[in-house]
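See below for the structure under consideration.
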Amino acid sequence: DTGVSQDPRHKITKRGQNVTFRCDPISEHNRLYWYRQTLGQGPEFLTYFQNEAQLEKSRLLSDRFSAERPKGSFSTLEIQRTEQGDSAMYLCASSLVSGFGNTIYFGEGSWLTVV
Amino acid sequence: AQSVAQPEDQVNVAEGNPLTVKCTYSVSGNPYLFWYVQYPNRGLQFLLKYITGDNLVKGSYGFEAEFNKSQTSFHLKKPSALVSDSALYFCAVRDLRALNFGKGTSLLVTP
């Protein structure tokens, strides 16, 4: 069990550029989640997948944000035309699908700084 | 909507003393409650969870949490704090989609 892996860990980008983050979940986990965390706040849910199906995307912050999980394994979160307000840590997590009681495991996060 | 509240932004405790980090919840139906810890510039680490059964839940690193249905609380506790316990602690409740987190409580343990 190698845990949830996120890449890159840190990204500095200029305003207006596009950025993409990758997440590799725990291998047997079929649910994958994306969260955003800003300083002094708790993680904020963005979207989640069950296998390759995106089951919720209404919480994505704007139409500049999109996520994919094309083969039901790794996932990408893309932010287009970045703004300074997008600066935050983006957390990926995974779990088994069955039951509310299953633990959700988080990766180390990807820090985004928009300058 | 399922939600949790953490009423304290910061908790200070001396090393060796017991610690409590508070969490209250608001849910429809049965609550599924979790505690996570976050060290600086790191992701969230799972500590413990309440699903059903015994109201006292034991978790990692000597932490435990007490579920109280009448007070709708799920406070995190440790009998003897360590300096290395200093971190951000998040309470969370599970809903149909994912976890909903509180704002977090910063725990500072002083030598």
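First the proteins, then the strands, lettered A, B, ... as listed; each starts at 1. All of these numbers come straight from a predicted model, not from anything done at the bench.
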Would you give me the side-chain donor-acceptor pairs under 3.5 Å for residues 103-111 of chain B, sequence neighbours excluded?
residue	atom	partner	partner atom	Å
B:Thr105	OG1	B:Gln6	NE2	3.1
B:Thr105	OG1	B:Glu8	O	2.8

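Interface residues of residues 42-49 of chain B toward chain A, defined by a heavy-atom distance below 4.5 Å and sorted by number: B:Arg42, B:Gly43, B:Leu44, B:Phe46, B:Lys49. Listed in order of number, the residues of residues 18-35 of chain B that approach chain A to under 4.5 Å between heavy atoms are B:Tyr32, B:Phe34. Contacts between residues 53-79 of chain B and chain A, defined by a heavy-atom separation under 4.5 Å, are made by no residue at all.
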Item to complete: Take A:Ile104 and B:Arg94, measure what side chain to side chain contact (heavy atoms under 4.5 Å, CB included) needs, and give me the verdict at the end.
Response: CA-CA 10 Å; A:Ile104 297 178; B:Arg94 186 71 191 265; 3.9 Å; yes
Discussion item. Does B:Phe101 form a ring pair (Phe, Tyr, Trp, His ring centres under 6.0 Å) with A:Phe45? I'd like the steps, not just the answer.
Written reply: CA-CA 9 Å; B:Phe101 285 88; A:Phe45 170 75; over 10 Å; no
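Residue A:Trp34 is not grouped with residue A:Met89 when hydrophobic side chains (ILVMFWY) are merged at heavy-atom distances under 4.5 angstrom, including chains of intermediate members. When hydrophobic clusters are built by joining Ile, Leu, Val, Met, Phe, Trp and Tyr residues whose side-chain heavy atoms come closer than 4.5 Å, directly or via intermediates, A:Leu39 is not grouped with B:Tyr39. Taken together through direct or relayed side-chain contacts under 4.5 Å among Ile, Leu, Val, Met, Phe, Trp and Tyr, B:Leu96 and B:Val93 form parts of separate hydrophobic clusters. When hydrophobic clusters are built by joining Ile, Leu, Val, Met, Phe, Trp and Tyr residues whose side-chain heavy atoms come closer than 4.5 Å, directly or via intermediates, A:Phe49 is grouped together with A:Leu77. By the rule that hydrophobic residues join a cluster once side-chain heavy atoms approach within less than 4.5 Å of another member, A:Leu61 and A:Leu112 end up as members of one cluster.
Contacts between A:Glu56 and chain B at a heavy-atom distance below 4.5 Å involve the side chain alone, from C-beta outward. If you measure heavy-atom distances from B:Tyr50 to chain A, you find no contacts under 4.5 Å at all. In this structure, chain B has no heavy atom under 4.5 Å from any part of A:Glu44.
Heavy-atom pairs under 4.5 Å with chain A peak, among B:Leu88, B:Asn41, B:Asp9, B:Thr52, at B:Asn41. Annotation: maximal heavy-atom pairing with chain B below 4.5 Å, among A:His10, A:Arg59, A:Arg9, occurs at A:Arg59.
Residues A:Gly42 and B:Phe90 share a closest heavy-atom pair of CA-CE2, 3.3 Å. Closest approach of A:Tyr48 to B:Arg97, counting heavy atoms only: CE2-CB, 3.7 Å.
No more than 12 heavy atoms of other residues, nucleotides or ligands lie within 6.0 Å of CD in A:Glu68, so this atom counts as exposed by the packing criterion.
Put simply, the side chain of A:Phe106 reaches to within 4.5 Å of the side chain of B:Leu99, judged on heavy atoms.
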